[in-house]
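Below: one structure, written as structure tokens.
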Amino acid sequence: MSTNTDATTGIPAQRGGDDKPRRPGKEQRFADGGGVLNVFSHGFLALWALLIIGPLIWIVLGSFKNNTEIGSSAWSWPSHWSFDAFGRAWQKGIGDFFVNTLIVLAGSLTLTMLLGAMAAYVLARYEFRGNRVIYYFFVAGAMFPVYLALVPLFFMVKNLGDVIPWLGLNQYVGLILVYTAYSLPFTVFFLYSFFRSLPSAVHEAAMIDGCSHSRAFFQVMVPMAKSGLISVFIFNVLGQWNQYLLPLTLMQQQSGSDPDHSMLAQGLMNLAQQSGYASDFPGLFAGMTIAMLPVLVVYLSFQRQVQAGLTSATLK
């Protein structure tokens with residue numbers, strides 16, 4: 001490498017293999033560009049937040065208006081604050097759809113978290129033949145679009161219901177198992193990396209003290225992985241609560257006497273279609289507000305744990 005003196009500064013400038021002078025202060029000018037990058041990133045995040053919060057505010061305000069006010073101005077304040085629209089939405093079936101969704105989620109989330117955590121723990125902490133094959137099988141399942149399997153899934157559940165009625169169409173247990181099957185790949189994929197990042201010394205000490213494998217999992221590893229479990233739990237709540245295609249395909253009434261077990265997203269769509277030309281937009285907006293509130297409460301309650309779980313999984 002040769003050197004040459006810069007004519008303007010009098011400071012020797014290094015030459016690389018390409019014989020191009022490298023002026024001093026180049027790195028400083030490059031670092032100064034970080035301010036522009038921060039302004040761009042913060043501006044993009046602010047725009048993204050506005051695009052998300054704006055429709056939410058519009059829906060909440062619309063649930064307190066009447067049809068005339070909604071049609072005249074989207075962002076004006078209601079002339080009279082009343083909860084009548086919420087009562088109408090609840091009486092039109094939103095309450096039943098809400099309860100149906102809670103029943104299905106209670107079962108599917110329990111199975112998803114239990115089976116997903118156990119499978120991810122075994123794949124991450126134990127070496128055995130076929131370990132990687134099973135792991136990549138779960139990864140492939142996470143990349144499989146739901147709508148590609150709707151038709152075979154419909155006939156599979158229908159035929160299963162002919163043998164075991166409580167696993168067929170329009171049955172809670174059948175939808176719970178389908179939700180669990182579709183949520184397991186992402187759960188295993190997320191928790192696999194998290195369990196591998198946990199220290200092995202604590203687990204080895206528990207095994208030396210005579211702890212069984214199941215006890216080591218539930219009493220040692222699960223408390224250590226609490227932040228990761230909460231994070232994937234929130235993602236599963238969001239995905240299953242807002243699910244529309246699966247309940248639309250599987251929760252169909254088979255006869256007039258068959259009870260309506262529609263989920264909340266499915267019920268909101270039915271509410272919009274049944275209104276016809278006499279649309280009750282405040283009632284529809286009130287139903288959407290009822291559907292959003294539980295998800296917002298769950299996320300705001302555990303947002304610190306979600307951020308801690310994502311950060312720790314990334315850093316480790």
Side-chain angles (χ1 to χ4, degrees), residues 42 45-46 48-64 83 85-86 89-90 94-118 120-121 172 175-176 179-180 182-184 186-195 197-198 217-244 246-247 263-268 285-316:
H42 285 75
L45 292 176
W48 189 8
L50 181 63
L51 293 176
I52 295 175
I53 298 176
L56 296 181
I57 297 176
W58 176 59
I59 291 173
V60 174
L61 289 178
S63 61
F64 292 97
F83 290 91
F86 291 90
W90 194 268
I94 294 298
D96 296 332
F97 303 145
F98 190 91
V99 174
N100 294 340
T101 306
L102 288 180
I103 294 174
V104 172
L105 258 66
S108 61
L109 290 174
T110 301
L111 286 178
T112 299
M113 297 305 300
L114 178 62
L115 299 178
M118 294 173 67
Y121 167 73
Y172 292 134
L175 189 61
I176 286 173
Y179 274 9
T180 303
Y182 272 98
S183 301
L184 275 177
F186 170 76
T187 303
V188 173
F189 174 75
F190 186 94
L191 293 179
Y192 173 85
S193 302
F194 201 88
F195 277 118
S197 68
L198 297 178
F217 170 71
F218 286 105
Q219 296 187 1
V220 178
M221 304 304 294
V222 168
M224 294 174 61
K226 183 177 68 173
S227 58
L229 292 171
I230 292 177
S231 299
V232 75
F233 174 80
I234 297 300
F235 288 130
N236 284 325
V237 169
L238 295 175
Q240 296 182 13
W241 185 270
N242 297 322
Q243 185 60 246
Y244 176 71
L246 289 177
M263 297 296 103
L264 191 55
Q266 187 181 1
L268 287 174
F285 287 171
M288 297 172 65
T289 304
I290 294 174
M292 292 187 301
L293 282 178
V295 178
L296 292 176
V297 170
V298 170
Y299 178 77
L300 293 177
S301 301
F302 297 100
Q303 66 172 0
R304 292 185 179 274
Q305 288 82 351
V306 172
Q307 295 173 359
L310 295 176
T311 304
S312 59
T314 304
L315 295 178
K316 293 180 181 179

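Bear in mind that the values here come from a model prediction, so they are computed numbers and not experimental data. If you read the sequence from its start, that first residue is 1, and numbering goes on from there.
Residues forming a ring pair (Phe, Tyr, Trp, His ring centres under 6.0 Å) with F64 (at least two apart in sequence, or on another chain): W81, F83, F86. With sequence neighbours left out, Y182 forms a ring pair (Phe, Tyr, Trp, His ring centres under 6.0 Å) with no residue at all. With sequence neighbours left out, W241 forms a ring pair (Phe, Tyr, Trp, His ring centres under 6.0 Å) with F98. Under the rule for a ring pair (Phe, Tyr, Trp, His ring centres under 6.0 Å), F97 has no partner lying at least two apart in sequence or in another chain. Residues satisfying the side chain to side chain donor-acceptor pair (under 3.5 Å) criterion with T101, sequence neighbours excluded, are absent altogether. Partners of Y179 under the side chain to side chain donor-acceptor pair (under 3.5 Å) rule, at least two apart in sequence or in another chain, do not exist in this structure.
Closest approach of L229 and A117 over heavy atoms only: CD2-CB, 4.0 Å. Of all heavy-atom pairs between I176 and V104, the closest is CG1-O, 3.6 Å. Nearest approach of I59 to M292, heavy atoms of both residues: CG2-CE, 4.0 Å. Residue P294 comes nearest to I290 through the heavy atom pair CD-O, 3.0 Å, listed as atom of the first residue, atom of the second, then distance. A pairwise comparison of heavy atoms in I52 and L56 identifies O-CG, 3.3 Å as the closest pair. Nearest heavy-atom pair, T187 versus G116, reported as atom, atom and distance to 0.1 Å: CG2-CA, 4.0 Å.
Side-chain contact check for L191 versus Y121: every heavy-atom pair is 4.5 Å or farther apart. Two residues are said to be in side-chain contact when any heavy atoms from C-beta on lie closer than 4.5 Å; I94 and L264 meet this criterion. In this structure the side chain of Y172 reaches within 4.5 angstrom of the side chain of N100, judged on heavy atoms. Inter-residue side-chain proximity for F186 and N236 is flagged as met; some heavy-atom pair is nearer than 4.5 Å. A 4.5 Å side-chain heavy-atom check between L246 and Q240 finds every atom pair outside the cut-off.
Separation of atoms CZ (F194) and CZ (F189) is listed at 14.5 Å; rounding is to 0.5 Å. Rounding to the nearest 0.5 Å gives a distance of 7.0 Å between CE of M288 and CG of L268.
Around CE of M263, the count of heavy atoms belonging to other residues, nucleotides or ligands within 6.0 Å exceeds 12.
Taking the six-membered ring for Trp and thresholds of 30 and 60 degrees, F195 and F217 have ring planes inclined between 30 and 60 degrees apart.
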